Amino acid sequence: MTDISMEKTYSPQGTEQGTYAKWEQSGAFTPRIDDSKKPFTIVMPPPNITGQLHMGHAMDCVLQDSLTRYHRMKGEPTLWLPGTDHASIATEVKIVEKMAQEGLTKEMIGREKFLERAWEWKSEYGGQITTQLRRLGASCDWSRERFTMDEGCSQAVREVFVRLYEQGLIYRGDRIINWCPDCLTALSDAEVEYEEVPSQLWYVRYPAKDGNGGIVVATTRPETMLGDTGVAVNPEDVRYAEFVGKTVLLPLVGREIPVVADAYVDKGFGTGAVKMTPAHDPNDFEVAARHNLPILRVINDDGTMSENAGEKYAGMTRESCRKQIVEELTQGGYLIKVEDYTHNVGTCYRCRTVVEPLISRQWFVSMSPLAQPAIKVVREGETRFLPERFEKVYFNWMENIRDWCISRQLWWGQRIPAWYCGTCGETIVSRDDPTICPHCASADLRQDEDVLDTWFSSALWPFSTLGWPDETSDYKYFYPNSTLVTGYDIIFFWVARMIFSGIAYTGKPPFDTVLIHGLVRDAQGRKMSKSLGNGIDPLEIIDEYGADALRFSLCMGISPGNDTRFSKEKIEAARNFANKVWNAARFVLMNLDGQEELDGKTLESADKWILTQTEKAISDVSEYLERCDHGLAAQRIYEFAWNDFCDWYIELAKSDLFGDDLERQAAVRAVLQYVLSALVRLLHPFMPFLTETVYSLLPRHEDNSCMLAPWPEYRADLMFEAEAEKMAGVMDVIRAVRNLRAELKVQAGRKARLLLRPQSGWHETLLRAEPYFLRLAGVSHLQMLSNDESFTDKVVSAVLPNSEVLIPLGDLVDMEKEIARLKKEEENLANEIARGESRLTNEGFLSKAPDQLVQTERDRLEKNKTMLETLRHRITGLTV
RNA sequence: GGGAUUAUAGCUCAGUUGGUUAGAGUGCCACGUUGACAUCGUGGAGGUCACUGGUUCGAGCCCAGUUAGUCCCACCA
């Protein structure tokens, strides 16, 4: 017996952090570039430096780490590249909030000081995040850790910006954009979230020039009428045909505005006439462009009404101005009616403020030339989504894409590399900071104040992190990446943009596979959020249950792309599983002698059975991991470890292990060692800490790391299907005996005799299984009955395909009950036979079903008939 | 308006190209200190696979429709 000291209960708290430190110090997270091997690369979706990691990050991390560990064990040079995201707007908002507590504003301290604070923030929170990732066991290559605003990433950003500008794909223009009046910046379309809000639809009469009649328009935003420069109707609408080309008067303001005909207007909605506010509505803006309507901006950046709105309203908020306008319209007799109306309003995805569409001069990326090839690579399967259905989401977005507004009126981020000449007005976009204007040689240059959308740099992450635009060895070897793992919530923000960016700048799509996972919800299925206060801190879970338990619980029972619930029950189940494996290992290790060697051993059925189960598990788990199906893989390992190995094999092994046959002992030890070693390695991607500890305790593995151990290889020579089936038959008998005993409520300690009447071919197997019956079924002694040998004592019995099981229990047996029970069995069996017969007399089944299935059905029917006969014989014997 | 997705045991969820009598965890009931583990063991109860129709020799799975929920996109003022 090996002398080992393993606690009775696995306690992760004492070992995990030390194990991680050892891994990290060993340098094993850093892959060796080997041109003869294909690498496996994952870049981590960089968490925002705005705060701590939540459960969603934990899941993201766990899925990536299991893939990483699996591929590393398979011997592929595996790179999982970590990093963090500067999260321009989100971080800036946080810093501003924090400064407000000190009574400071951005303007008070200025850009430079502000950026100093931002970098301090980065080093504090960025560090917290990487600490958390380590606690989770993330085996990423910290030597390659990146930040979206580090020098290299910023250089890549600059390169891309300049290239696109030179290609004419980046332009600056006055267009309607989404403006957040609270964050005081432009937003891209993707950054606006729509919310249904109950509101009203106001019907307002715009009188004709003489003050009478006119046109009634319907609007959800009466306050914007101050910026109206026209009214539009449908060209085919006879009701308004006479007005087209004429003008109406804008109430309260008295401005004369033209009536135009445009197909955009829906005759059926409202009154069929729409007021045009080109400066504050994207559709109106387009109509205005077609009809040369003037653009009048009446809302300021901060959401208040501007000078253009008129002296009376200037400075009012949008909300109070609306009230005021409605009141005045009512008084003036212009308000015809008000209807309740629910509509969607856009809100800022960071601060939830209602966004204001307004016309503004911003930088844009021209999307349609970039989108086309990005659609193609997915269409043609060069890049695939898992699950596949997310491709539809992707196509839908890409095919309807609009130009991307990339400038943000913020300070924290990559500054737009554009300079304006104060002398000649020239715009200079260049890779190096210009000192004089190339057009007029003036030195009066001013850099654009704005920064780029955070997602502009995230879009380059798969290659900017590897050194691009330089042709570094990392870039050449690890790009394109293999798999990208992320949640479905950022397909548009991030995945789509990486794909078109990768193709446009590197010529290759950035990864082959996009694995999309769902959200982690709370036990009630609600989204975890700060406002609900139902978020769970992964670190608290790790402290209480261990990282392995957390990891396993995040993998178990998940289905690709679907949301999952996090519950106490789940984490406890995972913790219990860790303990189970720990104890199985503890038992095995207590019984090993360090000389285990499977080859050359004489194996019995039980050994062959567990080896066969092991090979099947190896093959299944490998396949599931290849398919990135963590849920099935975890489930499969769980079953194998708990049911096959612990519940059956270890128990079966005990009779040999504690028996006198030294050869059997040695064989069983070798099998235990082999299976445990395979099990631990299969489990390692999911429970790295536990398995690392156990693996190092295995004989001759003192200095070996499970993390670097070879992934278990499927061995066809250890598959013993026929023997395994025999063993399964023995297990059926054991189960039947247990069942009978339990039904009769036989005390566990009370042994009973077991009589078996085997079917042909089973005598030897069952006879040899006697020790198993004794140990696992509470049997005192086995007696084999021949076919014609009758047995009429008081017995309970069961009929199995391989034998008739009889247990004489004397007065414990209530013969009435026993007969009733057997009759029920008889009925079930008869039904089963009837079902089989109807199938086998069905012409359609016989002619169309696969031959093999028909044969199976025949065999089964045959077997059932024999069993029924035995059962009837038994019943007759008892009733006579 | 368009699309996706979910509906399977009390609860949480699996169920690969259609093929035995639909599985697991958890909860529940009964029994149990059998030389790893009570974070355990053994046994048990518990399901018209949302509904309707269709295809098929055969449907939880495929098709059509219905109902209920969740989500995404679009943004008719």
Side-chain angles (χ1 to χ4, degrees), chain A residues 6 8-10 194 201-202 217-221 224 232 264-266 268-277 281-284 341 343-346 389-390 392-393 396-397 400 488-489 491-492 518-519 523 525 545 549 556-559 561-565 567-570 572-591 623-624 627 629 631-632 635 638-639 643 646-647 650-651 654 657-658 735 738-743 745-749 775-778 828 831-832 835-836 839 842-850 852-854 856-857 860:
Chain A
M6 284 173 85
K8 228 171 144 174
T9 305
Y10 176 57
Y194 288 88
L201 191 58
W202 288 271
V217 299
T219 181
T220 53
R221 298 198 58 195
T224 62
Y264 153 74
V265 180
D266 176 359
F269 188 89
T271 62
V274 192
K275 62 192 258 326
M276 290 290 116
T277 321
D281 183 286
N283 294 306
D284 294 5
Y341 185 70
H343 70 141
N344 284 332
V345 298
R389 66 180 131 93
F390 288 103
K392 286 189 189 173
V393 180
N396 183 47
W397 193 72
N400 298 295
Y488 58 69
D489 49 336
I491 293 177
F492 305 134
L519 266 41
Y545 298 93
M556 196 146 187
I558 64 165
S559 196
N562 287 3
D563 291 352
T564 180
R565 299 187 190 203
S567 65
K568 199 168 187 254
E569 287 74 32
K570 231 183 221 175
E572 280 174 357
R575 188 260 327 258
N576 294 353
F577 179 57
N579 189 56
K580 187 72 183 177
V581 173
W582 174 257
N583 271 288
R586 183 165 169 257
F587 174 79
V588 172
L589 290 167
M590 285 191 313
N591 289 286
E623 189 197 323
Y624 293 141
R627 282 174 15 201
D629 196 329
L632 287 181
Q635 174 89 16
Y638 184 96
E639 277 168 13
N643 303 340
C646 293
D647 289 348
I650 288 184
E651 295 307 322
K654 282 176 183 171
L657 220 41
F658 304 144
R735 263 188 285 257
R738 283 168 172 174
N739 181 313
L740 291 172
R741 291 172 55 100
E743 279 191 17
K745 308 222 187 303
V746 180
Q747 280 179 314
R775 180 167 280 273
L776 299 186
N828 289 344
N831 286 340
E832 201 40 39
R835 202 194 52 80
R839 257 193 156 185
N842 182 330
E843 271 308 309
F845 179 73
L846 291 174
S847 59
K848 294 188 181 170
Q852 205 189 338
L853 187 69
V854 176
T856 314
E857 200 68 35
R860 185 179 308 133

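Quantities reported herein were computed from a predicted structural model and do not represent experimental measurements. Throughout, protein chains are lettered first and strands after them, A, B, ... in sequence-line order, and every chain is numbered starting at 1.
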Base paired to B/rG46 (Watson-Crick or G-U; both N/O distances under 3.5 angstrom): none

Base-pairing assignment for B/rU52 (Watson-Crick or G-U wobble, both under 3.5 Å): B/rA64

Quick one: label A/Ser567 by what it contacts on the DNA or RNA (base, sugar-phosphate, nothing), any heavy atom closer than 4.0 Å. nothing

Using atom [atom1] of each nucleotide, how far apart are [N] and [M] to the nearest Å?
{"N": "B/rC62", "M": "B/rU6", "atom1": "P", "value": "10 Å"}
{"N": "B/rU39", "M": "B/rG25", "atom1": "C1'", "value": "14 Å"}
{"N": "B/rA7", "M": "B/rC63", "atom1": "P", "value": "15 Å"}
{"N": "B/rG27", "M": "B/rG10", "atom1": "C1'", "value": "7 Å"}
{"N": "B/rA68", "M": "B/rU42", "atom1": "C1'", "value": "41 Å"}
{"N": "B/rG15", "M": "B/rC28", "atom1": "C1'", "value": "24 Å"}
{"N": "B/rG46", "M": "B/rA24", "atom1": "C1'", "value": "14 Å"}
{"N": "B/rC13", "M": "B/rG47", "atom1": "C1'", "value": "14 Å"}

Does [N] have OP1 or OP2 sitting under 4.0 Å from an N or O in the side chain of [X]?
{"X": "A/Asn562", "N": "B/rA14", "answer": "yes"}
{"X": "A/Tyr341", "N": "B/rA77", "answer": "yes"}
{"X": "A/Arg565", "N": "B/rC13", "answer": "yes"}
{"X": "A/Ser559", "N": "B/rA14", "answer": "yes"}
{"X": "A/Lys654", "N": "B/rA36", "answer": "yes"}
{"X": "A/Lys570", "N": "B/rU12", "answer": "no"}
{"X": "A/Lys745", "N": "B/rC31", "answer": "no"}

I need a per-nucleotide contact map over nucleotides 42-48 of chain B, read 5' to 3'. Cutoff is protein heavy atoms under 4.0 Å; write B for the base, S for backbone only, - otherwise. SSS----

Which atom pairs link the protein and nucleotides 19-26 of chain B when you take only N or O atoms and keep those under 3.5 Å?
{"residue": "B/rU20", "atom": "O3'", "partner": "A/Arg835", "partner atom": "NH2", "Å": "3.2"}
{"residue": "B/rU20", "atom": "N1", "partner": "A/Arg860", "partner atom": "NH2", "Å": "3.4"}
{"residue": "B/rU20", "atom": "O2", "partner": "A/Arg860", "partner atom": "NE", "Å": "2.6"}
{"residue": "B/rU20", "atom": "O2", "partner": "A/Arg860", "partner atom": "NH2", "Å": "3.3"}
{"residue": "B/rU21", "atom": "OP1", "partner": "A/Arg835", "partner atom": "NE", "Å": "2.0"}
{"residue": "B/rU21", "atom": "OP1", "partner": "A/Arg835", "partner atom": "NH1", "Å": "2.6"}
{"residue": "B/rU21", "atom": "OP1", "partner": "A/Arg835", "partner atom": "NH2", "Å": "2.7"}

Polar-atom pairs under 3.5 Å, protein N or O versus N or O of nucleotides 59-62 of chain B: list them with distances, or write none.
none

For atom CE of A/Met590 and atom P of B/rC37, their distance in whole Å: 7 Å

Which nucleotide sits closest to the side chain of A/Tyr194: B/rU16, B/rC75, B/rA38? B/rC75

